[in-house]
J.: 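Okay, here's the structure, questions in a sec.
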Amino acid sequence: MPTMQTDKPFTYKVDEHLTDQLGVGMRVVVPFGKGNRLIQGFVTRIFEQTDYQGELKKVAAVLELAPVLNDESLQLAEWMARETFSFRISCMQAMLPSAMRAQYQKKVVLLTDQVSEELKAFFADKSEQIFDEQKISTNMQGKLLKARRQKQVEIKYLVKNKARAKKIMMFQSKLTEEIIEEEKSKLRVNANKLRKLLSFLRTHPKIALTQAQFEKKIGLTAGVLRAAEKKGWLLRQESEQYRDPRKNLMVGQTIPKNLTSQQREAVEAVLAEATKKHSTTFLLQGVTGSGKTEVYLQVIAKVLAAGKAALMLVPEISLTPQMVERVTSRFGEKVALLHSGLSSGEKFDEWRRIEKGEAQVVVGARSAIFAPLKKLGIIIIDEEHETSYKQDNMPRYHARDVAKWRAEYHHCPVLLGSATPSLESRARAQKGVYRWLHMDARINQQPLPKVKIVDMREEVPQSKNINFSEALLRGIKQTLERHEQIILMLNRRGYSSFMMCRDCGFVLKCPNCDISLTLHMDTHSMKCHYCGHEEAIPQVCPSCKGRHIRYYGTGTQQVEVELQKLFSTARILRMDVDTTRRKGAHTRILNKFGQHEADILLGTQMIAKGLDYPDVTLVGVLNADTALGMTDFRASEKTFQLLTQVSGRAGRATKKGQVIIQTYNPHHYAIQLAKEQNYEKFFRKEMSIRHQGAYPPYYYTIQIVASSPEESLAAKKMYQIYAEIRKYLSNQAVILGPTPQAVARINNRYFYQLIVKYKKEKQLFVYLDKILYESQKDERKGLKIMINREPLNFV
DNA sequence: AGCACGCCGACT
DNA sequence: GTCGGCGTGCTC
């Protein structure tokens, strides 16, 4: 159970009949607590003797035949729990596919007929009912609990193991060639179907097929198969089948491409470290189109050739069919896929294929970092700057850190790739902590696309089209005329939470923190959620005295309507959270666009990554500013990365690309440097700003959040922590807050937070462990405490 | 998460 | 006096 008091191992007795089966790393069902309710646990140690002075309970059941956690996973879980202030059991569960997390169910069992009419009605002639707190009224729950005290009913606890292999019926031939001939001669002349079956079995001895496959191949129906089974020709047996997430992919075969000299240098540098007894982390910084993926693929190929396995992480958002196809077309059956688009059964099966060593290349999103590969030869993290690599619930791990831990364990290199590395990683490369590899030449020798910045403040104000500038409209028109494709991105991050002047682009900032103020409609004020500064909502722009100051944000749907009106014949595809909610919708939209069944792809930031379509020659960013308005010190970094990424979508093949960025802040360095595609200059500029503000990577950060349905409770707790934490900190550390979070209320809970910026604070961790331990008591009052090490989002 | 124990106020 | 609510400790 994920609580602090139970975050330790418990000892159980193992019955004789289970001793052979039981092993370290297996899941077991054990009775726990006074009521002996059954729960799922993990075996972490087995020993003959115990020093526990009490009655031991017995393990109730063993859930598997082979361990699901090995020595590495157990050590990793231990490390992760300490590192991220989480519970060990949460870490172990996070490492396994969700199908292996047991489902608990409660049932109420009727013990006697002597009960009230109301209870009789509840049981409705049955002896037991499922006890679901969500479905049963509180009133009824009370009555049931009362009936239990009077021994009229009892509560039964069940553990449901969802981790099941998919079973299918297969028919297998039992016949030898001689018997086939013999049987054939015995058949009646009109037994056409049976004769057909025999001929087929003769040419395909030992074959095992499902009924459906027989039907499809030789047109046999169920009746014929049953007859054949009766005659003893076929053996019907259950067989395990993997659920294959790749069944709808069109996968060809590709061969390694010729490398440019920069690519070859990168591949060789990584491979040179691959055989050493230590682990090196590389930062591969390559401009968009420089062929990072091919570097990954060739490194993987070499690693496989050496008999080792490869793990490659890709952001969820860019696990496009395109990406998957590139890898599977090179490594075929050896590839296993792990991402949120798969059903839990599919994930479970892919996990088992990896665990059994049937797949040696794993491609997946964040949690794939735990893939149970045994002899890792390389771990690759593509788009390493992506914030989705950090999990934002318990355990709050960063896949990059887990990668480094595992690489250390396996003595293999880590390869971090990006066109726009996170400042943290780039700074480490600078300091020599990471080996820095860079590729500044594009594969096809195409120059980077021309980027045009449109100053939206100068657009004709009477124009009806508030979302499109003249330049962008002209660009779209010309591109459509050439029958080429267009990607339009609407930046939705930080949607309408900040205010900006439409006349001059001024964004209201905090006088203390130099960070945009957040609009709080509940208090009708502008707040800084770093330091708590608060001021009135301005009526006129403090900079230009203009009155066109307003919230920022437009929806994709609205833009689509406007766009369709302007270009009535253009085929538009919209891609945002609304249109991609359904499973596979993401893939369908991209396939459609890839096959040029649409002219314009309109979407949110999810279209910025990894798409590679040769016919796209125009990329338009409708509003580059919203990210800058984010109340986060990483706002500039994120804006720069996003604009650079999306610009890279234009002119990938032989055609020249063009990028148009609309903004109210044309002179902001993040936008100017994205136009130049000058990462290095951006890095230096941003680093000096971080240095001045004492932000990462110069300082470490820890975020502590208290939340409660009662605002005063959360606030009080946070101030109490604030008062205490100072005793544990040196005067080198900086505390920001406590402040209410930018979105102060979510799901009727109020959030208060505090951020500590520090360099070296040993005592801090002692205190954080203490908070974690004590948070348990508060939880019952509805007060939750969350500790987030190196948070990436401060909202 | 869920059970028991113990303390407290409100009731027959 | 006693019933029942709730805060707290503990679960091998």
Side-chain angles (χ1 to χ4, degrees), chain A residues 1-16 18-19 22-63 74 86-94 101-109 111 129-136 138-161 393-395 708-710 712-713 716-717 720 770-786:
Chain A
M1 232 160 322
T3 66
M4 196 62 199
Q5 288 93 327
T6 53
D7 190 34
K8 59 181 181 195
F10 287 82
T11 315
Y12 283 85
K13 207 155 50 177
V14 186
D15 251 355
E16 210 142 304
L18 287 178
T19 42
L22 196 81
V24 169
M26 287 180 186
R27 291 178 305 148
V28 287
V29 176
V30 292
F32 194 76
K34 299 265 152 64
N36 278 332
R37 71 208 163 83
L38 297 174
I39 56 162
Q40 187 196 72
F42 294 92
V43 181
T44 54
R45 259 183 81 194
I46 297 178
F47 36 89
E48 300 290 321
Q49 206 92 65
T50 172
D51 49 8
Y52 179 69
Q53 304 291 318
E55 193 80 2
L56 291 184
K57 290 180 184 176
K58 284 183 200 163
V59 171
V62 181
L63 288 178
L74 290 170
S86 319
F87 308 120
R88 301 166 205 209
I89 195 119
S90 311
C91 294
M92 290 180 198
Q93 274 163 352
R101 200 166 315 151
Q103 292 283 297
Y104 298 110
Q105 204 179 49
K106 279 186 284 186
K107 280 187 174 170
V108 228
V109 186
L111 294 173
Q129 280 290 337
I130 292 167
F131 188 104
D132 187 340
E133 270 99 341
Q134 310 291 303
K135 286 189 186 144
I136 300 171
T138 0
N139 185 302
M140 195 64 206
Q141 281 183 41
K143 292 223 165 74
L144 285 168
L145 290 173
K146 199 166 178 179
R148 176 156 78 143
R149 257 175 271 135
Q150 292 162 4
K151 305 268 188 248
Q152 291 175 338
V153 300
E154 71 173 4
I155 292 182
K156 203 163 78 174
Y157 298 94
L158 297 162
V159 178
K160 284 201 162 178
N161 183 10
N393 43 38
M394 184 93 112
S708 160
E710 255 181 278
S712 61
L713 218 59
K716 219 174 101 194
K717 185 72 196 177
Q720 184 200 325
K770 193 172 156 233
I771 293 182
L772 192 66
Y773 188 80
E774 289 171 355
S775 71
Q776 206 56 41
K777 274 181 247 161
D778 299 318
E779 193 114 353
R780 281 191 237 193
K781 294 178 221 147
L783 181 69
K784 282 189 191 151
I785 310 282
M786 176 187 111

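Everything numeric in this text was worked out from a predicted model, so none of it was measured. So you know, we letter chains A, B, ... as the sequences are listed, proteins then strands, and number each from 1.
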J.: Using the salt bridge (charged side-chain N to carboxylate O under 4.0 Å, His left out) criterion, which residues pair with A/K107? Sequence neighbours excluded.
T.: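 Testing A/K107 for salt bridge (charged side-chain N to carboxylate O under 4.0 Å, His left out), a comparison that skips the adjacent residues, returns A/E128.
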J.: Applying salt bridge (charged side-chain N to carboxylate O under 4.0 Å, His left out), can you list everything that pairs with A/K57, at least two apart in sequence or on another chain?
T.: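 Checked A/K57 against salt bridge (charged side-chain N to carboxylate O under 4.0 Å, His left out); zero matches.
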J.: Give the rounded distance in Å between these two atoms: CD of A/Q776 and P of C/dT11.
T.: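 The answer, rounded to whole Å, is 14 Å.
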J.: Specify the separation, in whole Å, of atom CD of A/E779 and atom C1' of C/dT8.
T.: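 Whole-Å distance recorded here is 15 Å.
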J.: Would you compute the distance between atom OH of A/Y157 and atom CG of A/N36 and round it to the nearest 0.5 angstrom?
T.: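 Answer for the OH-CG pair, A/Y157 versus A/N36, is 10.0 Å.
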J.: Could you state the atom-to-atom distance from CG of A/L56 to C1' of C/dT11 in whole Å?
T.: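 A/L56 atom CG is separated from C/dT11 atom C1' by 13 Å.
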J.: Measure the distance between the ring centre of A/F10 and the centre of the six-membered base ring of C/dT11, then answer whether it is under 5.5 Å with planes under 30°.
T.: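 No, the aromatic ring of A/F10 does not stack with the base.
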J.: With A/D15, which residues qualify under salt bridge (charged side-chain N to carboxylate O under 4.0 Å, His left out), at least two apart?
T.: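 A/K58.
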J.: What integer distance in Å separates A/R101:CZ from B/dA1:P?
T.: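 Atom-to-atom, A/R101 to B/dA1, this comes out as 14 Å.
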J.: Between atom CE in A/M394 and atom P in B/dA1, what is the gap in whole Å?
T.: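 Rounded to the whole Å, the gap is 12 Å.
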J.: Could you check how far CD1 of A/I39 sits from P of C/dC10, rounded to whole Å?
T.: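 Spelled out: CD1 on A/I39 to P on C/dC10 is 18 Å.
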J.: How would you list, by chain and number, every residue that makes a side-chain contact (heavy atoms from CB on, under 4.5 Å) with A/T44, sequence neighbours excluded?
T.: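 Once residues adjacent in sequence are excluded, the partners of A/T44 under the side-chain contact (heavy atoms from CB on, under 4.5 Å) criterion are A/P9, A/L74, A/M92.
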J.: With a 3.5 Å distance limit and no angle check, can you tell me whether A/Y52 reaches the backbone of A/F10 through a side-chain donor-acceptor pair?
T.: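 It does not hold such a pair.
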J.: Taking only side-chain nitrogens and oxygens of A/Y12, does any of them come within less than 4.0 Å of OP1 or OP2 of C/dC12?
T.: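 Answer yes for this pair, as a side-chain N or O of A/Y12 is under 4.0 Å from OP1 or OP2.
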J.: How would nucleotides 2-7 of chain B be written as a contact map, 5' to 3', with B for base contact, S for sugar-phosphate-only contact and - for no contact, using protein heavy atoms under 4.0 Å?
T.: BSS---
J.: How many whole angstroms separate atom CG of A/L783 from atom P of C/dG7?
T.: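 Answer to the nearest Å: 13 Å.
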J.: How long is the line joining CZ of A/R45 and C1' of C/dC12, in whole Å?
T.: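 Nearest whole value for this atom pair: 14 Å.
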J.: Report the residue (A/K777 or A/T11) whose heavy-atom-nearest nucleotide on DNA chain C is the more 5′ of the two.
T.: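 Whichever sits nearer the 5' end wins; that is A/K777.
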J.: Of all residues at least two apart in sequence or in a different chain, which pass the side-chain contact (heavy atoms from CB on, under 4.5 Å) check with A/K784?
T.: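 Applying side-chain contact (heavy atoms from CB on, under 4.5 Å) to A/K784 gives A/S707, A/R749, A/E779.
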